[in-house]
Undergrad: 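One structure is given below, represented as structure tokens, and several questions about it will come after.
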Amino acid sequence: NRMTAAKNRSHRANHYGTLCERKAANRYGLDLDRASWRDARRPGGDPVEIKSTMANHADGQPGNFKLYEAYHRKLREANGWYVFVVYRPRGRGVTVLDMEMRHSSRIPLLTWHGGGAHRDTRQAKLDISEIF
């Protein structure tokens, strides 16, 4: 059943994303503090959005980071940061392959397009190679 498979993939992605958020919080001393547009705060209070992707998907395609326009604008206005995490699933856990924190003003030029309709905003995708 394709719906069940998609739901399982989404559930696993959320599980792995939560594990990556915890690892990022530990590495950078962040306080996890979720809102629609941020996942954490730096010690001084600056907001942080944590983006994670699998290094390679089951179909062999490399992962990418999905950013949402409305959340990105809010993060920029708040002088916020991103943490980008590339991982490989390992059992119920993850192995982090790469992790980097960078200011929201220091990411590659984004091309916004439809596809983020479920979040009422446009989205942009960044290839892993555009960050690392």
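None of these values were measured; they are calculated from a predicted model.
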Undergrad: Any chance you could measure Trp81, atom CH2, to Arg42, atom CZ, to the nearest 0.5 Å?
TA: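 It comes to 4.5 Å.
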Undergrad: Following the transitive rule for hydrophobic clusters with a side-chain heavy-atom cut-off under 4.5 Å over Ile, Leu, Val, Met, Phe, Trp and Tyr, establish whether Phe132 and Val94 coincide in one cluster.
TA: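 No: no chain of side-chain contacts under 4.5 Å links Phe132 to Val94.
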Undergrad: For Tyr68, does its backbone N or O pair with a side-chain atom of Thr121 as donor and acceptor, under 3.5 Å?
TA: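 Absent.
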Undergrad: If you define the side chain from C-beta out and look only at heavy atoms, does anything of Val83 sit under 4.5 Å from Lys51?
TA: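 With C-beta onward as the side chain, the pair stays apart.
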Undergrad: Do side-chain atoms of Asp39 reach the backbone of Ile50 as a donor and acceptor pair under 3.5 angstrom?
TA: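 Looks like yes, one N/O pair under 3.5 Å.
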Undergrad: Please round to the nearest 0.5 Å and tell me the distance separating atom CG of Leu30 and atom CG of Asp46.
TA: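 With rounding to 0.5 Å, CG (Leu30) is 10.5 Å from CG (Asp46).
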Undergrad: May I ask you to decide if Ser129's main-chain N or O and Asp127's side chain share a donor-acceptor pair within less than 3.5 Å?
TA: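 Side chain of Asp127 to backbone of Ser129: no pair is present.
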Undergrad: Closest heavy-atom contact between Met99 and Ala24?
TA: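 The answer is SD-CA, 3.7 Å.
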Undergrad: Is Leu32 close to Glu21 at the side-chain level, that is, under 4.5 Å between some pair of heavy atoms?
TA: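 The answer is yes; the side chains approach within 4.5 Å.
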Undergrad: Do Phe65 and Ile128 have side chains that get closer than 4.5 Å, going by heavy atoms?
TA: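 Heavy-atom side-chain distance check passes, below 4.5 Å.
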Undergrad: Is there a path from Val85 to Val48 through hydrophobic residues (I, L, V, M, F, W, Y) whose side chains come within less than 4.5 Å of each other?
TA: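 Val85 and Val48: one cluster.
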Undergrad: Can you tell which of His113, His72, Glu69 makes a side chain to side chain donor-acceptor pair (under 3.5 Å) with Arg122?
TA: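 Among His113, His72, Glu69, the one meeting side chain to side chain donor-acceptor pair (under 3.5 Å) with Arg122 is Glu69.
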Undergrad: Answer yes if the side chains of Ser104 and Arg76 hold a donor-acceptor pair under 3.5 Å, and no otherwise.
TA: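 A donor-acceptor contact under 3.5 Å links the two side chains.
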Undergrad: State whether the side chain of Arg102 and the backbone N or O of Ile107 hold a donor-acceptor pair below 3.5 Å, judged by distance alone.
TA: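 Not a single qualifying donor-acceptor pair exists.
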Undergrad: Side chains of Leu67 and Tyr82: does their closest heavy-atom pair fall under 4.5 Å?
TA: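 In short, these two side chains touch, coming nearer than 4.5 Å.
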Undergrad: Do Ser52 and Tyr16 come within less than 4.5 Å of each other through their side chains, counting heavy atoms only?
TA: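 Side-chain contact under 4.5 Å: no.
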Undergrad: Check the hydrophobic clustering (I, L, V, M, F, W, Y; side-chain heavy atoms under 4.5 Å; chains of links allowed) and say if Val86 and Leu126 are grouped together.
TA: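 Shared cluster, yes.
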Undergrad: Following the transitive rule for hydrophobic clusters with a side-chain heavy-atom cut-off under 4.5 Å over Ile, Leu, Val, Met, Phe, Trp and Tyr, establish whether Leu19 and Tyr28 coincide in one cluster.
TA: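 No, Leu19 and Tyr28 fall in different hydrophobic clusters.
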Undergrad: Return the CZ to CZ distance between Arg34 and Arg41, rounded to the nearest 0.5 Å.
TA: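 Output value for this atom pair is 13.5 Å.
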Undergrad: Distance check, rounded to the nearest 0.5 Å: Lys66 atom NZ versus Lys125 atom NZ?
TA: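 Those atoms lie 5.0 Å apart.
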Undergrad: Would you compute the distance between atom CG of Leu75 and atom NE2 of His103 and round it to the nearest 0.5 angstrom?
TA: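 Going from the CG atom of Leu75 to the NE2 atom of His103 covers 8.0 Å.
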Undergrad: Is it possible for you to say whether Leu97 and Met101 belong to one hydrophobic cluster, with membership spreading through side-chain heavy-atom contacts below 4.5 Å?
TA: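 No, Leu97 does not connect to Met101 through the hydrophobic network.
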